[in-house]
Asker: 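The structure's right below; bear with me while I get my questions together.
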Protein chains: 2
Amino acid sequence: MGHAVSSQNVDIRRVAAEAGVSIATVSRVLNHPERVSPETRARVLETAARLGYRPNPNGKRLRKGRAETVGLVIPSPQGRFADSFFLELLAGLGEGLSEAGLDLLVATCPPGSDELACYRRLVEGKRVDGLVVARTRRYDERIAYLLERGVPFVAHGRSDLIAEPYPYLDLDGREGFYRAARRLLQLGHRAIAYIGAPREFNFALHRLEGYRQALLEAGVPLRVDWILEGDLSEESGYRLAGGLLEAPEPPTAILCANDLMALGVLRALRERGLRAGREVSVIGYDDIPQAQYADPPLTTLHQPFREAGRRLVEMLLARLGGAPVAGLQEVWVPELVLRGSDGPPQGERRFP
Amino acid sequence: MGHAVSSQNVDIRRVAAEAGVSIATVSRVLNHPERVSPETRARVLETAARLGYRPNPNGKRLRKGRAETVGLVIPSPQGRFADSFFLELLAGLGEGLSEAGLDLLVATCPPGSDELACYRRLVEGKRVDGLVVARTRRYDERIAYLLERGVPFVAHGRSDLIAEPYPYLDLDGREGFYRAARRLLQLGHRAIAYIGAPREFNFALHRLEGYRQALLEAGVPLRVDWILEGDLSEESGYRLAGGLLEAPEPPTAILCANDLMALGVLRALRERGLRAGREVSVIGYDDIPQAQYADPPLTTLHQPFREAGRRLVEMLLARLGGAPVAGLQEVWVPELVLRGSDGPPQGERRFP
DNA sequence: CCGGCTTGTGTAAACGTTTTCCACATCATA
DNA sequence: TATGATGTGGAAAACGTTTACACAAGCCGG
């Protein structure tokens, strides 16, 4: 009945005194309830609740030698931070972690500073028990570092050039773009260009590979002047699309390694009076929020980032619990969501 | 010369022994360098560096009774998380905090759960020394709670219904929309509609007030059927714009309380074959990344969230240092950035 | 030449937990 | 009734810091 007390500074000692037991017992009630008799357990729980007792995390952390915290480093680029990926991931991570009673430590890495230093600060400063590594690169020095130090972590995305096994959850860009390209081929397209991502990123090669495979299977020869590399920005999509469209023989479809570049392509089309989904088909990748408000709404590959975040937490928890890496490698297939930016090619069209 | 040692478990005792001093001296060297003689200081620093010593934050936190951590609670709505606001803010906070040697604890608050519980967990669980409160509401129970408990915090945005003073940094929505409305008036518009935000949010009233003031000063009577309230989503902008445009006497300009709704308005216009910036002018608020890629690019009010984040850290630091609230209340004026979605009204136009 | 002040360092006591012993009942069993 | 086995709870030792206090040495002015 007693309502909450001014829980200003109630520690385990206070609870113990109030309940007429030793602090060890209080601790046991909270951490190993089965090792204490039901009567005392009930009594302790009651007084703890009455006093509003919350174990001080720092005492706990110090004693247990753990941080009870998981880290995430977000690179924060110079300009606008258009990247909702991290926010979605964050939501998933946060939900999963709070259920597990762990804290989430977020460090942002300013553009200039080297990223690895941020990781070092968290790891060597014992601020986290484990980490989530996002946006993996082809050879990812962060992963190499964490493996070398034996720090538990999970990666969102693979890093193909790292031999040693580690836990990851990846979205299958190869399969995704294989499906996207097949969609275009089935619509009748044969002149399909590809605007890719910097080779540094691991996913860049996977996506390109999906595109190649689909075309080769369909007997469509690859054209080297239709395989471009952007920097993932809207601007670069716009620029590269301009080049493609001005060429004597422009493609009838353009596949983009991310939505931002696809939006740039849409802009380039609009400027030339071309309609996406009619004269030229465009497919993106990521399904960022803007995609559905684009004109026309962008056909793209959806990646369930929030769900990925939740799953990553489960995997990390397993890893922290000592589970072997073997069972902790997953690849999900992104879903092709059809909107308005793709359609059958229009045979008669010709533009300079 | 000696290169880094296997810094696996080097604690202050180890450094002390190696340097031939007591642990107190090592601690002093690190925390109060001036209280130790230059010679020993140099010797200790050298050995600490050689051993790769990093003070264990948990020991420190326990002893000092502080968490050395600042908290931020991000509400994570159900659907897509289109809100780059938090990411920008996060970047600013992260940069500022890491300079100050503080950690940033991010908690995400799932839609169902009550937000206050998240704050309570952080505060009463002694997980943070201070908090940043974003997206303040007209009467903000989070602020009331923090004030009541005497927890240091800074708010991004004001909460008008709270009497007691507290530190905040706000963007002046009144002034912002006053300027936006004046811009439209100067272009010659007289039929200006307003799509606002839920009254629950504090900024909603400020923005509306700016709109009203500008119109009243210009002698333009307010029309109640032109003052609408959306829910900040693209969808609601689209829907409300539809209503405005179908009316017998549609407005020539629409002011929106955020960019997302403005994008919805643009979509509604496109569907009706109307061009934003020609037949109807549209101005948004926030300058989200999508704004510059919209068709046409959206004229809007820019809010420097990252800079705000940095400043908020400074303010919070001052507050943690015991500075009085008085000097910690700032209001910045957002900047009107002209893009393509506004223009002079076209007198002869009429549509059903 | 001595009391007091300054300067530099060491000793030891916290900070609030968890956990490893141990001690003590209680109880069934021989 | 002695003897383990079992269950329960207490005492105390960590975990790695910071800091109040004590102490020794050196310096100063009287």
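First the proteins, then the strands, lettered A, B, ... as listed; each starts at 1.
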Asker: Starting from P on dC15(D), measure out to CZ on R54(B) and report it in whole angstrom.
Answerer: 22 Å
Asker: Any side-chain N or O of H32(A) less than 4.0 Å from the OP1 or OP2 oxygen of dT19(C)?
Answerer: yes
Asker: Using a heavy-atom cut-off of 4.0 Å across all strands, would you classify T25(B) as base, sugar-phosphate, or nothing?
Answerer: sugar-phosphate
Asker: What pairs of nitrogen or oxygen atoms, one from the protein and one from nucleotides 21-23 of chain D, lie under 3.5 Å apart?
Answerer:
none

Asker: Contact between L169(A) and V154(A) at the side-chain level, heavy atoms closer than 4.5 Å - yes or no?
Answerer: no
Asker: Which residue pairs satisfy the side-chain hydrogen bond (donor to acceptor under 3.5 Å, both in side chains) criterion with at least one member in residues 313-331 of chain B, sequence neighbours excluded?
Answerer: R311(B)-E314(B), R311(B)-E330(B), E330(B)-W332(B)
Asker: I need the CD-P distance between E34(A) and dG9(D), as an integer number of Å.
Answerer: 13 Å
Asker: Using every non-hydrogen atom in the two residues, find where C109(A) and V73(A) come nearest and quote the distance to one decimal.
Answerer: CB-CG1, 3.9 Å
Asker: Taking only residues two or more places apart in sequence or in another chain, which ones pass side chain to side chain donor-acceptor pair (under 3.5 Å) with D170(A)?
Answerer: R158(A)
Asker: Could you give the CZ-to-P distance, from R127(A) to dG16(D), as a whole number of Å?
Answerer: 16 Å
Asker: Spell out, as yes or no, whether a donor-acceptor pair under 3.5 Å connects the side chain of S159(B) to the backbone of R137(B).
Answerer: yes
Asker: Which atom names give the shortest non-hydrogen contact between V151(A) and L131(A), and what distance separates them?
Answerer: CG1-CD1, 4.5 Å
Asker: With a 3.5 Å distance limit and no angle check, can you tell me whether R142(A) reaches the backbone of A134(A) through a side-chain donor-acceptor pair?
Answerer: yes
Asker: Please give me every residue in residues 37-45 of chain B whose heavy atoms get under 4.0 Å of an atom in DNA chain D, ordered by residue number.
Answerer: none
Asker: Identify, residue by residue, the members of residues 56-68 of chain B with a heavy atom below 4.0 Å from DNA chain C, and return them in order of residue number, or none.
Answerer: L62(B), R63(B)
Asker: Round to a whole Å and report the spacing from CG of L30(B) to C1' of dT18(D).
Answerer: 11 Å
Asker: Kindly list each side-chain donor-acceptor pair under 3.5 angstrom involving residues 55-68 of chain B, sequence neighbours excluded, with atom names and distances?
Answerer:
from: N56(B); atom 1: OD1; to: N58(B); atom 2: N; distance (Å): 2.7
from: N56(B); atom 1: OD1; to: G59(B); atom 2: N; distance (Å): 3.4
from: R61(B); atom 1: NH1; to: A67(B); atom 2: O; distance (Å): 3.1

Asker: Restricting to salt bridge (charged side-chain N to carboxylate O under 4.0 Å, His left out), what partner residues turn up for R120(B), sequence neighbours left out?
Answerer: none
Asker: Side chains of V128(B) and V70(B), heavy atoms from C-beta outward: is any pair under 4.5 Å?
Answerer: no
Asker: Which whole-number value in Å describes the distance from K126(A) NZ to dT17(D) P?
Answerer: 9 Å
Asker: Among dT17(C), dA11(D), dT18(D), find the nucleotide with the atom closest to the side chain of I12(B).
Answerer: dT18(D)
Asker: Tell me which pairs pass ring-ring contact (aromatic ring centres under 6.0 Å, His included) where either residue lies in residues 119-155 of chain A, with sequence neighbours left out.
Answerer: F153(A)-Y166(A)
Asker: Pairs of donor and acceptor atoms involving the side chains of residues 89-103 of chain B, under 3.5 Å and at least two apart or interchain, shall be tabulated with distances.
Answerer:
from: E95(B); atom 1: OE1; to: R310(B); atom 2: NH1; distance (Å): 2.6
from: S98(B); atom 1: OG; to: E95(B); atom 2: O; distance (Å): 3.4
from: E99(B); atom 1: OE1; to: R310(B); atom 2: NH2; distance (Å): 3.4
from: E99(B); atom 1: OE2; to: R310(B); atom 2: NH2; distance (Å): 2.8
from: D103(B); atom 1: OD1; to: R121(A); atom 2: NH2; distance (Å): 3.0
from: D103(B); atom 1: OD1; to: R127(A); atom 2: NE; distance (Å): 3.1
from: D103(B); atom 1: OD2; to: R127(A); atom 2: NE; distance (Å): 3.0

Asker: Would you mind reading off the distance between R13(B) atom CZ and dA14(D) atom P, rounded to a whole angstrom?
Answerer: 10 Å
Asker: Take the C1' atoms of the five end pairs on each side of the helix from dC1(C)-dG30(D) to dA30(C)-dT1(D), get both axes, and report the angle to 10 degrees.
Answerer: 60°
Asker: Does T40(A) have any side chain to side chain donor-acceptor pair (under 3.5 Å) partners at least two apart in sequence or in another chain, and if so, which?
Answerer: S37(A)
Asker: With sequence neighbours left out, which residue pairs that include part of residues 21-35 of chain B fulfil the salt bridge (charged side-chain N to carboxylate O under 4.0 Å, His left out) condition?
Answerer: none
Asker: To the nearest angstrom, how far is I23(B) atom CD1 from dG10(C) atom C1'?
Answerer: 10 Å
